[in-house]
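Everything below concerns the one structure shown next.
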Amino acid sequence: MMAIGRWIGWLFLMLAGAVLVRDLLAWHDLHRFALLSLAGFWRDLDPAGFRAAEGGINRLAPWLWSWLIGPAVALWALPVFGAAGLVLIRACRRQQRRRRRRR
């Protein structure tokens, strides 16, 4: 189980690296910062899924999208993926066994 957590943590770190490369390439091409948000990442990955989630949540509880989910997906994707990856890798690390010295 711990190996899966570490694997997902490394996957998040690779996503953070991909977002960094994308942001740097956009900066080079556009000559301005165009940081990728989580919503932009989700829209690029699955536009229909993003629209369906937004529409469904807005129908059931519009305040939830306005006050919680909307601001959360507006965050810059790089630090979110990076922090999630580091936390997972740290939380799922192997326990080191301590050896006792014989005297």
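- When the ring-ring contact (aromatic ring centres under 6.0 Å, His included) test is applied to W27, the partners found at least two apart in sequence or on another chain are F33.
- Scanning for ring-ring contact (aromatic ring centres under 6.0 Å, His included) contacts around F81 gives F12, F41, with sequence neighbours left out.
- Residues passing the ring-ring contact (aromatic ring centres under 6.0 Å, His included) test with W42 are F50, sequence neighbours excluded.
- Rounding to the nearest 0.5 Å gives a distance of 14.0 Å between CG of L15 and CZ of R22.
- Proximity of a side-chain donor or acceptor of R6 to a complementary backbone N or O of C92 within less than 3.5 Å is detected.
- Distance CG/L38 to CG/L78: 10.5 Å, rounded to 0.5 Å.
- Taking hydrophobic clusters as Ile, Leu, Val, Met, Phe, Trp and Tyr residues chained together by side-chain heavy-atom distances below 4.5 Å, L45 does not share a cluster with L13.
- Linking ILVMFWY residues whenever their side-chain heavy atoms come closer than 4.5 Å, directly or via other members, places I57 and W67 in the same cluster.
- Partners of R32 by side-chain contact (heavy atoms from CB on, under 4.5 Å), not counting sequence neighbours, listed by chain and number: L30, A34.
- L36 and D23 make their closest contact through N-OD1, 3.2 Å (heavy atoms, listed as atom of the first residue, atom of the second, distance).
- The CG atom of N58 sits 9.0 Å away from atom CD1 of I69, with the distance rounded to the nearest 0.5 Å.
- Contacts of A61 classified as side-chain contact (heavy atoms from CB on, under 4.5 Å), with partners at least two apart in sequence or in another chain: W63, L64.
- Considering all non-hydrogen atoms of both residues, A16 and G82 come closest at CB-N, 3.7 Å.
- A distance-only check finds no donor-acceptor pair linking the side chain of R90 to the backbone of V87 [under 3.5 Å].
- Other members of the cluster containing V21 are L25, with ILVMFWY side chains joined at under 4.5 Å, either directly or via other members.
- Taking hydrophobic clusters as Ile, Leu, Val, Met, Phe, Trp and Tyr residues chained together by side-chain heavy-atom distances below 4.5 Å, I4 does not share a cluster with W10.
- Side-chain atoms of V19 and L35, non-hydrogen and from C-beta on, never get closer than 4.5 Å to each other.
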